[in-house]
Amino acid sequence: MPFTIATWNINSVRLRAPLVERLLREEVPDILCLQECKSPVEKIPRDAFAALGYTHMIARGQKGYNGVAILSKLPIEEAGAEDHAGLGHARHVAGRLENGVTVHNFYVPAGGDVPDRAVNEKFGQKLDYLTDMRDAFRCMPPEKAILVGDLNIAPGEEDVWSHKQLLKIVSHTPVEVAHLEEMREAGSWVDITRQDIPDGKLYSWWSYRARDWDAADKGRRLDHLWATPDISGAAHSSRILRHVRGWEKPSDHAPVLASFDL
DNA sequence: ATGACTAAGTATCTTAGA
């Protein structure tokens with residue numbers, strides 16, 4: 001049965017519940033993975049999503065920060081949640097669909113301002129988080145799986161507005177890109193967005209600080225949708241919904257989507 | 001110059017985002 005999956009860093013699921021509902025109405029993905037819910041699980045407005053047919057939810061949450069949720073029209077059962085790097089943060093949750101596909105929803109640490117773990121503890125935590133993800137995938141190679149989320153790294157030169165100007169900016173430093181690539185390789189993950197849209201600039205995040213984010217267009221592709229090789233051939237129709245960044249009181253991230261014919 | 005915003009908490013500023 002074919003299905004569509006979406007991922008979106010919502011930057012507060014309670015404040016932006018109306019935007020989530022609008023996306024669900026307009027795009028009708030079968031599954032929507034959210035990051036930065038910034039809410040305890042019991043305070044997520046799940047009834048509003050259930051009213052639109054999203055009757056299944058798997059989530060991990062905490063007060064104020066982080067938090068991930070999987071909303072689904074399709075039945076989905078819990079398939080674990082990891083606390084990589086031992087941060088005690090709600091940054092991962094996994095679910096399994098009835099067709100046997102496992103969905104991983106990740107929110108990788110942002111990493112702070114200075115790309116040096118000797119002076120910035122958060123940068124070290126980001127690298128450690130990616131290393132632990134890598135080791136987990138090496139230990140148990142994923143099959144029939146999809147990995148989505150805000151990975152907080154824009155790996156390619158075409159994934160940022162200026163490769164040269166961002167080389168020393170957290171999210172695009174060579175050490176982060178190397179950690180991401182090792183983790184991707186450990187799970188044999190295929191970047192579905194780039195499989196479908198191989199060429200050209202592609203962003204999923206634009207800073208709130210720009211006077212006119214659309215005109216400046218200084219974006220980065222921080223949000224990713226990957227799949228294992230056994231199902232990557234079934235993926236198609238990848239999109240990044242740039243126009244959603246222009247909605248009233250938007251998240252600074254745009255939703256990323258793909259469909260699978262399985 | 002990227003360039004001066006946004007959200008939550010216990011909150012009238014601090015921490016975090018990236």
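Every heavy atom of this structure was used, including side-chain atoms; hydrogens, water molecules and symmetry mates were not. Note that the coordinates shown come from a computational prediction; the quantities given were computed from them, not determined experimentally. In the text below, chain A, chain B and the rest are named by the order of the sequence lines, each starting its count at 1.
By the 30° and 60° cut-offs, the orientation of the rings of A:His243 relative to A:Trp247 is perpendicular.
Near DNA chain B, meaning a heavy atom under 4.0 Å away, there are no residues from residues 125-133 of chain A. A heavy-atom distance below 4.0 Å to DNA chain B is reached by these residues of residues 105-115 of chain A, ordered by number: A:Tyr107, A:Ala110, A:Asp113.
Looking at A:Ser204 and A:Arg221, their side chains never bring a donor and an acceptor atom within 3.5 Å of each other. Using modelled atom types, one finds no donor on one side chain facing an acceptor on the other under 3.5 Å when comparing A:Tyr129 with A:Asn152. One side chain, A:Asp261 or A:His236, offers a donor N or O that lies under 3.5 Å from an acceptor on the other.
By the ring pair (Phe, Tyr, Trp, His ring centres under 6.0 Å) test, A:His163 pairs with A:His172, sequence neighbours left out. Partners of A:Tyr65 under the ring pair (Phe, Tyr, Trp, His ring centres under 6.0 Å) rule, at least two apart in sequence or in another chain, do not exist in this structure. Looking at residues two or more places apart in sequence or on another chain, you find a salt bridge (charged side-chain N to carboxylate O under 4.0 Å, His left out) between A:Glu181 and A:Arg184.
With A:Gln35 as the partner, the side-chain hydrogen bond (donor to acceptor under 3.5 Å, both in side chains) test is satisfied by one option alone out of A:Asn105, A:Asn9, A:Asn11, A:Asn66: A:Asn105.
For A:Trp205 and A:Leu166, each mapped to the nucleotide of DNA chain B holding its nearest heavy atom, the one lying further toward the 5' end belongs to A:Leu166.
Comparing the P positions of B:dA11 and B:dT6 gives a spacing of 24 Å, expressed to the nearest Å. Comparing the C1' positions of B:dA4 and B:dA16 gives a spacing of 16 Å, expressed to the nearest Å.
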- request: Produce a footprint string for nucleotides 3-12 of chain B: one letter per nucleotide, 5' end first; B if the base is under 4.0 Å from any protein heavy atom, S if only the sugar-phosphate is, - if neither.
  value: BBBSSSSS--
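Atom CD of A:Glu78 sits in a crowded spot, with more than 12 heavy atoms from other residues, nucleotides or ligands closer than 6.0 Å.
Using a 4.0 Å heavy-atom distance criterion, A:His253 is classed as a sugar-phosphate-only contact. Looking at heavy-atom distances under 4.0 Å, A:Asp217 makes no contact with the nucleic acid at all.
Taking OG1 of A:Thr7 as the start and CD1 of A:Ile146 as the end, the distance is 11.5 Å to the nearest 0.5 Å.
Rounding to whole angstrom units, CZ of residue A:Arg245 and P of B:dA18 are separated by 12 Å. When the C1' atom of B:dG17 is taken as reference, atom CD1 of A:Ile169 falls 14 Å away, rounded to whole Å. Between A:Trp161 atom CH2 and B:dA18 atom C1' the separation is 14 Å, expressed in whole Å.
A salt bridge is defined here as a Lys NZ or Arg NE, NH1 or NH2 lying under 4.0 Å from an Asp or Glu carboxylate O, and A:Arg60 with A:Glu82 fails to meet this definition.
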